[in-house]
Amino acid sequence: MTIAILAVQGAFAEHGGMLDRLGAAHFEIRQAADLACPFDGLILPGGESTVMNKLLRDLGLFEPLKERIDSGLPVFGTCAGLILLADRVEGGERCFGGMDVTARRNAYGRQLGSFRTTAPFAGRPTPMVFIRAPYIAQAGPEVEILAETGGHIVAARQGNRLATAFHPELTQDETVHACFLDMVRSSRRRN
Ligand code: GLN
């Protein structure tokens, strides 16, 4: 099982560290040529979603990745990565989409937008680091809500797409990455 990590911009390095701890092979996607390596799952990291959206198109990565995601490739977006997977983006543009959610960018305000908390993720207390984070302001009926804090949805899944408004890779807690690797394993069994 090999996981590709989008590494055109933002906080991609720590995802590799988390995957090392869980024993999953991984490599970084920086340009279209990197797509030649086979992979079973994709991580879209935090960063600046507007910049990532533009770089994905400029580097010729948008179309091939969208096609693979739309065909069922398991994908995990954190923070800006959540925004890239949302069908509707308040204060930004739609990128890959496919999750029937409205992502509100910089939802906690730009200055005071960074904080830590602990809240249940899929029922298990999980530390959460928020950095100028979005939250999910609205979710459709097909969306499974995995975590809420402060009255807002901060983690959700729809089919092959998993998204968190927080950065699990910046904590020592492997819960969310382990959940994603389970999704990748069951998708491999099906194909
Ligand atoms: N504020 C960023 C955006 O809107 C997301 C921040 C992050 O990924 N830590 O794209």
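Order of listing sets the numbers, starting from 1, for every ligand and every atom in it.
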**Q** With sequence neighbours excluded, tell me which residues meet ring pair (Phe, Tyr, Trp, His ring centres under 6.0 Å) with Phe166.
**A** Phe130

**Q** Within the side chain of Arg94, is there an N or O that forms a donor-acceptor pair under 3.5 Å with the backbone of Leu85?
**A** no

**Q** Could you list the atoms of ligand 1 found under 4.0 angstrom from a heavy atom of Ser49?
**A** 3 (C), 4 (O), 10 (O)

**Q** Has Asn160 got a side-chain atom pairing as donor or acceptor with Val75's backbone, closer than 3.5 angstrom?
**A** no

**Q** What class does the angle between the rings of His15 and His177 fall in, given that below 30° is parallel, 30 to 60° is tilted and above 60° is perpendicular?
**A** tilted

**Q** Looking at non-hydrogen atoms alone, which of Ala107, Gly47, Gly77, Ala133 comes nearest to atom 2 (C) of ligand 1?
**A** Gly47

**Q** Establish, yes or no, whether the cationic atom of Arg104 lies under 6.0 Å from the six-membered ring centre of Tyr135 and within 45° of the ring axis.
**A** no

**Q** Any donor-acceptor pair under 3.5 Å linking the side chain of Thr2 with the backbone of His26?
**A** no

**Q** Distance under 4.0 Å to a non-hydrogen atom of Ile83: what atoms of ligand 1 satisfy this?
**A** 3 (C), 4 (O), 10 (O)

**Q** Can you list the atoms of ligand 1 that are under 4.0 Å from a heavy atom of Cys79?
**A** 5 (C), 6 (C), 7 (C), 8 (O), 9 (N)

**Q** Any atoms of ligand 1 less than 4.0 Å from a non-hydrogen atom of Asn106? List them with their elements.
**A** 1 (N)

**Q** For Arg105, counting its heavy atoms only, list the atoms of ligand 1 lying under 4.0 Å from any of them.
**A** 3 (C), 4 (O), 10 (O)

**Q** I'd like to know if the side chain of Asp70 reaches the main chain of Glu67, judged simply by a donor and an acceptor atom lying under 3.5 Å from each other, with no hydrogens or angles considered.
**A** no

**Q** Could you list the atoms of ligand 1 found under 4.0 angstrom from a heavy atom of Gly46?
**A** 8 (O)

**Q** Check contact between His167 and ligand 1, using heavy atoms of the residue and a distance below 4.0 angstrom.
**A** yes

**Q** Can you confirm, on distance only, whether ligand 1 has an N/O atom lying under 3.5 Å from any N/O atom belonging to Pro134?
**A** no

**Q** Is any N or O atom of Thr50, backbone or side chain, closer than 3.5 Å to an N or O atom of ligand 1?
**A** no

